[in-house]
Structure formats: C-alpha cells, structure tokens
Amino acid sequence: MNNILAWNGSVVAGEGKRGRGICDFSPGSVVRYNLFHRNRVAALLRGDRDYRRVRVAERVLQDPDLEANLDGNLRFAGRKPPRRASKATAADFALGRLARNPAANAGDPDPDAANADGSRNTIGHTGGPFGVHF
C-alpha cells in the first residue's frame with residue numbers, strides 16, 4: 001500500500017524484456033493505493049496474466065484486495081531519477097508540485113495514515129505521518 005512502482009525492469013540478452021511493478025502470486029494479498037509508472041513489461045502480474053495497466057486488472061479481476069491503484073505520469077522535483085539504483089538517493093524521488101501530481105492525496109484514506117498536516121495520505125515515501133520531506 002502507498003507505493004510508487006516506477007521504471008522497473010531491463011532487457012536481458014537472449015531473454016528479452018523483464019520487469020513488472022508487482023508480481024503477485026499470493027492469494028489474498030492486498031495491492032491498494034499504489035501508483036504504477038513505466039514498468040518495462042507490465043504494471044502487475046497476477047496469476048498467469050500481465051496487465052500493462054493496473055486499472056485494467058482491477059476491472060477484469062474485480063478483486064476487493066486490488067483497488068484504488070493509479071496508472072500515472074509522475075512528476076518528480078528536479079531531474080529524472082538516476083539510471084543506476086546504486087547512485088539514487090531518496091531526494092531523487094521526491095514528488096514535485098503536488099497540486100498537479102496524481103500521487104497527491106491519493107493514498108490510504110484511513111486517518112491513521114494521513115500526512116503530517118492532516119490531509120489524505122500522499123502515495124510514496126513523502127506521504128503519511130512519517131513521510132520524508134525535502
């Protein structure tokens with residue numbers, strides 16, 4: 001819950017594209033209030049089927065444990081995060097201009113998960129009562 005799953009995957013020689021936001025093989029697992037963005041193969045693998053868009057998976061599967069997720073274009077503060085994860089810092093993934101960002105106030109609506117200012121949770125590491133702010 002409340003994660004940003006972005007730019008997962010790579011191209012493996014001889015095997016082709018690999019990488020999904022989430023590979024979910026556990027019956028009863030909960031996938032809610034996440035934002036999926038440009039994952040190489042698909043946003044979600046559930047059962048034996050890939051879903052490029054998680055909203056399509058929600059509609060097709062009609063599973064209450066898979067709801068309120070977003071497919072969206074992220075807006076980060078500053079530049080695009082580094083290509084190499086080893087060079088990335090949390091600041092590289094800070095969300096920019098929340099007023100125009102799909103992740104803003106789209107997370108878990110439970111008051112216990114609210115942002116520090118009392119507003120609805122923002123998806124990602126900058127949201128919630130313990131969110132990191134830059």
Side-chain angles (χ1 to χ4, degrees):
M1 292 175 66
N2 295 319
N3 297 292
I4 294 174
L5 299 119
W7 297 300
N8 290 294
S10 62
V11 177
V12 177
E15 295 182 33
K17 294 180 183 179
R18 298 182 76 175
R20 294 160 180 89
I22 293 179
C23 294
D24 180 17
F25 301 111
S26 303
S29 61
V30 176
V31 180
R32 293 187 186 149
Y33 309 111
N34 299 293
L35 191 146
F36 293 82
H37 175 72
R38 293 188 183 176
N39 293 290
R40 178 75 67 175
V41 173
L44 175 71
L45 171 64
R46 198 155 216 207
D48 61 351
R49 182 169 174 196
D50 278 316
Y51 295 91
R52 293 260 326 134
R53 300 268 180 211
V54 73
R55 298 303 293 225
V56 171
E58 290 177 6
R59 191 171 57 247
V60 169
L61 298 172
Q62 297 182 358
D63 182 343
D65 290 330
L66 177 66
E67 66 180 6
N69 294 290
L70 299 172
D71 295 296
N73 290 320
L74 291 175
R75 291 181 175 88
F76 288 105
R79 63 185 173 80
K80 183 178 175 182
R83 288 184 176 267
R84 295 179 56 128
S86 62
K87 304 241 185 241
T89 68
D92 290 319
F93 297 95
L95 298 174
R97 297 191 58 175
L98 289 179
R100 304 178 111 201
N101 206 307
N105 306 111
D108 188 348
D110 183 331
D112 289 338
N115 293 327
D117 66 2
S119 62
R120 182 174 170 174
N121 186 296
T122 294
I123 294 173
H125 74 288
T126 59
F130 307 107
V132 178
H133 302 283
F134 301 96

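Throughout, numbering of the chain's residues begins at 1 and tracks the sequence.
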Can you list everything that forms a side-chain contact (heavy atoms from CB on, under 4.5 Å) with [X]? Sequence neighbours excluded, please.
X	result
R40	V11, K17
D65	V30, R32, D63
N8	L5, N39
E15	V12, R18

Without placing hydrogens or testing angles, list every side-chain donor-acceptor pair under 3.5 Å for residues 106-113, not counting sequence neighbours.
{"residue": "D108", "atom": "OD1", "partner": "D110", "partner atom": "N", "Å": "3.0"}
{"residue": "D110", "atom": "OD1", "partner": "D112", "partner atom": "N", "Å": "2.8"}

Decide yes or no for I22 and L45: does some side-chain heavy atom of the first lie under 4.5 Å from some side-chain heavy atom of the second?
->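 They are not in contact (no side-chain heavy atoms under 4.5 Å apart), so the answer is no.
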Check whether any side-chain heavy atom of V31 sits under 4.5 Å from a side-chain heavy atom of M1, and report yes or no.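 No. Closest side-chain heavy atoms not under 4.5 Å.
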| Taking atom CG of L66 and atom OH of Y51, what is their separation to the nearest 0.5 Å? |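 Reported to 0.5 Å precision, the distance equals 9.0 Å.
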Q. What distance separates T122 OG1 from R120 CZ, expressed to the nearest 0.5 Å?
A.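 So the gap between those two atoms works out to 9.5 Å.
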N115 and N105: side-chain contact (heavy atoms from CB on, under 4.5 Å), yes or no, with the steps? CA-CA 8 Å; N115 293 327; N105 306 111; 3.6 Å; yes
message: Using every non-hydrogen atom in the two residues, find where R20 and C23 come nearest and quote the distance to one decimal.
response: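 That closest heavy-atom pairing would be CD-SG, 3.6 Å.
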**OP:** Using the test side-chain hydrogen bond (donor to acceptor under 3.5 Å, both in side chains), find all partners of D117 that sit at least two apart in sequence or belong to another chain.
**Re:**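 Listed in chain order: S119.
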Exercise for the section: I would like to know whether N3 and Y33 meet side-chain contact (heavy atoms from CB on, under 4.5 Å); could you show each step before the answer? Expected result: CA-CA 7 Å; N3 297 292; Y33 309 111; over 6 Å; no
Check your understanding: Does any N or O in the side chain of D71 come within less than 3.5 Å of the main-chain N or O of L35, such that one atom is a donor and the other an acceptor?
Key ->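 No.
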Got a donor-acceptor contact below 3.5 angstrom from the D24 side chain to the S26 backbone?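 Flag set: sc D24 to bb S26 pair under 3.5 Å.
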Apply side-chain contact (heavy atoms from CB on, under 4.5 Å) to the pair N34 and I4, showing each step before the final yes or no.
CA-CA 6 Å; N34 299 293; I4 294 174; over 6 Å; no
In this structure, which one of E58, R52, R53 forms a side chain to side chain contact (heavy atoms under 4.5 Å, CB included) with V56?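 Of the listed residues E58, R52, R53, the side chain to side chain contact (heavy atoms under 4.5 Å, CB included) partner of V56 is R53.
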